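Taking it in order: structure first as structure tokens, then the write-up.
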Protein chains: 2
Amino acid sequence: MTLPRETVEARLAAFREACVQKRLRLTHQRMEVFRALASSEEHPDVESIHRVVRKRIPTISPDTIYRNLKLLAEHGLVSVAGMSADRLRFDANMGPHHHFVCVKCGRIRDFTSRELEHIAFPAEARAFGAPCSMHLEVKGVCSACQKGRKP
Amino acid sequence: MTLPRETVEARLAAFREACVQKRLRLTHQRMEVFRALASSEEHPDVESIHRVVRKRIPTISPDTIYRNLKLLAEHGLVSVAGMSADRLRFDANMGPHHHFVCVKCGRIRDFTSRELEHIAFPAEARAFGAPCSMHLEVKGVCSACQKGRKP
DNA sequence: CCCCAAATAAGATAGAATCCTATTTACGAA
DNA sequence: TTCGTAAATAGGATTCTATCTTATTTGGGG
Ligand SMILES: [Mn+2]
Ligand SMILES: [Mn+2]
Ligand SMILES: [Zn+2]
Ligand SMILES: [Zn+2]
């Protein structure tokens with residue numbers, strides 16, 4: 001909530017314009033859901049957004065929050081923080097390594113990179129606290145999915 | 001399942017030793033859960049592991065899979081693939097950026113890094129398919145949590 | 001101002017993960 | 001080897017996130 005007002009205003013203006021271009025109806029609810037998210041730098045979850053929006057629209061339902069965020073994410077107007085994780089997935093490879101994640105089939109492949117291994121924690125990250133690990137996730141379409149094989 | 005047998009054997013041996021050192025009981029179920037994970041390079045979920053282990057222990061319950069994987073993760077013997085994501089969290093910052101994630105309180109902070117911006121998709125990742133995005137997650141303890149502030 | 005596809009509210013539903021409790025078991029000590 | 005006990009398990013119940021269903025409302029083009 002400590003974002004510069006001009007940043008928020010810019011986001012809201014861009015949002016309105018994008019919605020018009022994409023033929024997404026500018027409902028009261030949709031606008032307030034986006035405003036709540038665009039005014040925060042906390043990467044809020046649905047419950048947090050719902051709490052905020054309820055102050056302006058007391059009857060708004062959680063489903064409307066979910067529905068709009070999903071729609072907006074599909075249109076590239078917001079994104080999901082963190083990573084693709086519908087369910088927990090585990091790893092017995094405890095060595096340092098990174099992941100290639102297929103956005104089609106969800107397959108996760110390990111890789112290491114000599115180039116990346118020598119990168120220290122970025123100073124910009126250290127400014128927030130004491131880093132202890134670093135993980136790179138490369139998203140893309142795996143060879144199998146490119147060839148149209150079944151997932 | 002295409003892992004070299006020696007790799008699997010080494011993992012199992014290390015696992016037995018670690019369990020003894022950490023005073024974790026080597027139950028039949030725990031051993032088979034770890035064997036299933038250590039024999040796979042698919043980053044399997046609980047259901048997949050359950051299917052595999054059931055061939056040897058037909059009565060094993062999903063809860064035992066969950067319980068053991070969680071315990072082993074706490075002891076650093078396995079890890080959770082992907083990222084910390086108990087629930088969906090959203091982001092209105094659509095510019096390219098990375099995340100610092102506090103392992104104590106879950107706070108997510110944005111950062112960019114000139115050093116990282118110029119990194120191309122690693123060749124090792126491109127070997128798996130066509131990358132389309134890249135995201136770095138730095139885990140650590142944020143300043144607030146270091147100072148013992150409440151989450 | 002009209003119309004209607006799109007969007008919403010509220011409750012039902014699905015599914016993942018955890019909790020509860022009676023029973024079993026691993027393993028240290030005698 | 002046997003024994004005692006705390007740890008672990010099985011299976012059902014429960015919690016909680018997210019999605020779906022359906023009747024109702026509404027944004028916005030014509
Ligand atoms: Mn991995
Ligand atoms: Mn972010
Ligand atoms: Zn794929
Ligand atoms: Zn913290």
Side-chain angles (χ1 to χ4, degrees), chain A residues 15-37 43-51 53-75 77-90 106, chain B residues 15-37 43-51 53-75 77-90 106:
Chain A
F15 179 70
R16 279 182 230 268
E17 195 172 352
C19 282
V20 171
Q21 279 185 336
K22 292 169 180 289
R23 302 289 190 276
L24 299 176
R25 291 190 184 172
L26 271 169
T27 65
H28 186 197
Q29 290 89 340
R30 179 166 298 160
M31 199 64 219
E32 293 307 320
V33 167
F34 183 80
R35 184 201 304 278
L37 179 59
H43 302 81
D45 60 13
V46 166
E47 191 189 345
S48 307
I49 295 172
H50 188 234
R51 264 199 309 274
V53 176
R54 261 221 267 206
K55 292 173 187 168
R56 289 176 177 239
I57 313 176
T59 60
I60 195 168
S61 69
D63 186 49
T64 296
I65 316 285
Y66 279 110
R67 193 175 352 94
N68 276 299
L69 289 172
K70 187 178 181 184
L71 181 76
L72 298 182
E74 285 165 359
H75 284 268
L77 299 176
V78 309
S79 66
V80 180
M83 307 277 168
S84 42
D86 51 338
R87 56 176 73 180
L88 297 174
R89 294 178 65 173
F90 297 87
Chain B
F15 178 69
R16 279 181 228 268
E17 195 173 350
C19 282
V20 171
Q21 279 186 336
K22 291 168 182 288
R23 300 292 189 274
L24 299 176
R25 293 191 182 171
L26 270 169
T27 65
H28 185 197
Q29 291 89 340
R30 179 165 296 160
M31 200 62 220
E32 293 307 320
V33 168
F34 182 82
R35 184 202 304 278
L37 179 60
H43 302 83
D45 58 15
V46 167
E47 192 189 344
S48 307
I49 295 172
H50 188 233
R51 264 199 308 275
V53 176
R54 260 221 270 205
K55 292 172 188 169
R56 288 176 178 238
I57 313 176
T59 61
I60 195 168
S61 71
D63 187 48
T64 296
I65 315 286
Y66 278 109
R67 193 175 353 94
N68 277 297
L69 290 172
K70 187 177 181 184
L71 181 77
L72 299 183
E74 284 164 0
H75 284 269
L77 300 176
V78 309
S79 66
V80 179
M83 304 285 169
S84 41
D86 50 339
R87 56 178 73 180
L88 295 174
R89 294 179 65 172
F90 297 87

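Computed over heavy atoms, backbone and side chain alike; hydrogens, waters and symmetry mates excluded. What you are looking at is a predicted structure, and each value in this text was computed from that prediction instead of being measured.
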* Structure fact -> Rounded to whole Å, the CE-P distance (B:Met31 to D:dA8) equals 15 Å
* Asked: How does each nucleotide of nucleotides 19-30 of chain D score, in 5' to 3' order, for protein heavy atoms under 4.0 Å: base (B), sugar-phosphate only (S), or none (-)?
  -> BBB----BBS--
* To do: Check side-chain contact (heavy atoms from CB on, under 4.5 Å) between A:Thr64 and all other residues, then give those that pass, not counting sequence neighbours.
  => A:Gln29, A:Ile60, A:Ser61, A:Arg67, A:Asn68
* Over how many whole Å does the gap from B:Lys22 atom NZ to D:dA7 atom P extend? -> 17 Å
* Starting at atom CD1 of A:Ile65, determine the distance to atom C1' of D:dT17, rounded to an integer number of angstrom. => 14 Å
* Bending between helix ends of the helix from C:dC1-D:dG30 to C:dA30-D:dT1 [5 pairs per end, 10° resolution] -> 40°
* Sequence neighbours left out, what passes salt bridge (charged side-chain N to carboxylate O under 4.0 Å, His left out) with A:Arg51? Give chain and number order. => A:Glu47
* Asked: For DNA chain C, whose closest nucleotide is more 5', that of B:Arg67 or that of A:Asn68?
  -> A:Asn68
* Structure fact -> Outermost contacting nts on DNA chain C, any atom under 4.0 Å from chain B heavy atoms, listed 5' then 3', are C:dA16 to C:dC27
* Shortest non-hydrogen contact from A:Leu77 toward A:Lys22 -> CD2-CE, 4.2 Å
* For B:Tyr66, check ring-ring contact (aromatic ring centres under 6.0 Å, His included) against everything at least two apart and list the hits. => none
* To do: State which residues pass side-chain contact (heavy atoms from CB on, under 4.5 Å) with A:Glu74; sequence neighbours excluded, sorted by chain then number.
  => A:Lys70, A:Leu71
* To do: List for me each residue that meets salt bridge (charged side-chain N to carboxylate O under 4.0 Å, His left out) alongside A:Arg54, sequence neighbours excluded, and say none if there are none.
  => none
* Residue list, side-chain contact (heavy atoms from CB on, under 4.5 Å) with A:His28, at least two apart or on another chain -> A:Glu32, A:Ile57
* Asked: Given atom CG of B:Leu69 and atom C1' of D:dA8, what is their separation to the nearest angstrom?
  -> 15 Å
* Output all residues satisfying ring-ring contact (aromatic ring centres under 6.0 Å, His included) with B:Phe90, sequence neighbours left out; order by chain, then residue number. => none
